[in-house]
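The structure appears right after this line, and notes come after that.
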Amino acid sequence: MTLPKALRYAVLHVGSSSMSITILEYKGIDDVRVIDYAAREVTFGEELFQTSRLSFETIEEICHILKGYKQLMADYGVSRSRLYGTTVIREAANRRSILDQIYIQTGMRVEVIDMPKEVYYKYALLYYKMTNQYRLTDPTKATLFLDITSGGVGLTVWRGESLLFQRNMHSGSLRVMESFNRNQRSSTSFPMAITEYLHRMIGPLREELKTFNINSVILSGDEAQYMARLMGDGSNKDDIITIEPERFKGFIKSFDGVTATKLINRYRLPEYKANILMPTMILFNEIITAIEPKSLIFSSFSFSQGISWFYGVEAENNPFMYQLREQNAQLARAVAARYHTDSIHDAEVERFSSLFCKTLRHKGLPERWGYLCRIAAILCSVGKFVNLRNHGEHAYHIVMGTDIFGLSEEEKQVVANVVFYHYKGTPSDDDTYFNSLTELQKIQVTKLVAIIRVACALDAGSNQKISDVILEERDNVLYVFCRTNEDISLEWWTFNRDAEYFTEVFGMELMLVRGGDRHVQ
């Protein structure tokens with residue numbers, strides 16, 4: 001899809017250490033112009049991790065800054081905008097009050113981004129730039145994207161066009177520092193204590209990361225760029241800086257134990273900045289020491305840049321979006337493989353359900369819902385690894401406990417409910433999981449459950465008897481022509497049973513017809 005003209009819009013971000021607005025003009029994936037950018041350094045993150053909430057004064061400050069940003073948008077005549085909140089809003093105990101006050105005072109709704117999505121937006125931009133513009137990574141070798149923020153750590157590994165690994169830890173730089181009081185931080189033994197703390201934190205991931213034989217590590221964000229400048233490399237305008245791993249290790253060793261105090265004294269950093277930078281440096285050093293990469297890349301790409309670029313790419317419906325989705329589907333398959341699911345059966349259910357979703361687009365089934373259906377099809381059997389009894393319940397908890405790259409928390413709830421009901425039971429407000437959803441989510445679940453069930457029925461025996469399926473709709477009847485040379489009695493009975501719920505949800509009959517070459521006349 002080509003945009004009819006340049007798309008002008010604004011992206012606003014409320015973060016832990018800064019608030020920003022970016023006004024852009026998007027003409028294409030490689031033609032994005034920043035018209036104006038403004039940012040304000042803040043200490044919201046420090047307040048959050050000390051008190052678990054934001055004070056009335058802080059909320060007023062946020063609203064005051066946003067009002068200024070709204071005026072800037074008005075000056076440029078920009079009416080299309082999005083306001084995003086990350087860790088500082090996402091994890092505040094008084095989150096509802098913050099969102100309410102922002103809306104009352106500014107008229108703006110905040111889209112709160114969960115951690116997997118936050119990492120995803122940055123990864124999307126970084127991956128595209130590294131593979132299409134800078135070409136600094138070898139497509140035959142693995143690259144680790146290490147995203148360290150105040151609230152969490154994201155680790156994403158890719159090779160060529162394939163995503164190999166994605167994990168998120170909710171232990172970012174400020175969260176780590178707030179695990180220790182001021183007296184502990186000033187102790188002479190603190191550098192060793194925090195190094196051991198971080199070493200233990202990444203312990204479960206260390207051996208798994210080594211299996212990928214990672215060639216390059218990319219560290220993103222403000223802290224990455226700051227470290228590079230402390231080592232005498234780059235300037236504020238450098239997006240990408242490469243540094244030899246041994247040089248970085250030497251930089252860390254020069255401190256003889258990195259502490260915030262040493263950073264303040266050596267570089268005259270503000271205390272707040274030093275408290276963020278110190279654990280970031282130690283954690284980065286722990287990871288590169290564990291995996292011994294051949295090169296280090298420091299990137300300045302931030303969440304604001306990632307989401308600003310992604311907004312335009314998504315509006316254009318650029319083909320790159322589909323490449324990202326396929327990568328995410330690969331990761332979902334990797335999750336399913338850990339639970340020893342029947343990958344051949346899962347692939348059949350994914351194939352059949354995708355066909356139904358495409359055919360039913362006119363029945364209120366947007367393309368994005370079809371993508372969620374694919375992810376649910378891949379993961380619907382993971383609960384059997386725990387127990388064959390109530391495996392839908394186990395699958396629900398596995399999905400909810402897994403960070404699924406590219407899905408928001410709300411979308412993950414939909415997928416979890418679909419896998420809960422995919423085998424038995426009917427979505428009902430009497431069930432706690434379903435009752436907690438919004439009305440829109442409930443509609444998504446009911447439609448996707450209806451589709452997943454008939455798709456599963458077409459391979460009810462998990463022996464792939466049906467080689468092909470053709471769907472045709474006529475007179476409010478959806479005919480499912482199947483090509484097979486085998487006895488499909490089990491598939492037939494199961495399909496007819498699940499077709500009743502499909503008819504109830506979509507308001508159309510569903511008929512299975514043997515003969516893949518036949519068409520309704």
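All of these numbers come straight from a predicted model, not from anything done at the bench.
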- Query: What do you reckon, are the aromatic ring centroids of F284 and F248 less than 6.0 Å apart?
  - Reply: yes
- Electrostatic pair E292:K210 at N-O distance under 4.0 angstrom: no
- Query: Is the shortest side-chain N to carboxylate O distance from E208 to R167 below 4.0 Å?
  - Reply: yes
- Does the ring centre of F145 sit less than 6.0 Å away from the ring centre of Y127? no
Side chains of residues 359-366: which donor-acceptor partners sit under 3.5 Å, not counting sequence neighbours?
| residue | atom | partner | partner atom | Å |
| --- | --- | --- | --- | --- |
| T359 | OG1 | L355 | O | 2.9 |
| H362 | ND1 | T359 | O | 3.2 |
| H362 | NE2 | E473 | OE1 | 2.9 |

- Between L48 and A92, what is the shortest heavy-atom contact and its length? CD1-CA, 3.5 Å
- Note on the structure: Taken in chain and number order and not counting sequence neighbours, the residues that satisfy side-chain hydrogen bond (donor to acceptor under 3.5 Å, both in side chains) with Q50 are none
- How far apart are the C-alpha atoms of H397 and Y433, what are their side-chain angles, what is the distance that settles it, and do they pass the ring-ring contact (aromatic ring centres under 6.0 Å, His included) test? CA-CA 10 Å; H397 291 293; Y433 305 143; 5.7 Å; yes
- Partner residues of D30 under the side-chain hydrogen bond (donor to acceptor under 3.5 Å, both in side chains) criterion, sequence neighbours left out: Y128
- Item | Residue pair R368, E411: steps toward the salt bridge (charged side-chain N to carboxylate O under 4.0 Å, His left out) verdict | CA-CA 10 Å; R368 183 68 182 181; E411 289 176 329; 2.9 Å; yes
- Message: Which heavy atom of S299 sits nearest to which heavy atom of L126, and what is that distance?
- Response: OG-CD1, 3.7 Å
- Message: Can you give me the closest heavy-atom contact between L7 and G312, atom names plus distance?
- Response: CD2-CA, 4.5 Å
- Item | Those residues that, when tested against S216, pass side-chain hydrogen bond (donor to acceptor under 3.5 Å, both in side chains) (two or more places apart) | S295
- Task: State which residues pass salt bridge (charged side-chain N to carboxylate O under 4.0 Å, His left out) with K412; sequence neighbours excluded, sorted by chain then number.
- Result: E409
- Item | Which residues share a salt bridge (charged side-chain N to carboxylate O under 4.0 Å, His left out) with E350, sequence neighbours left out | R333, R374
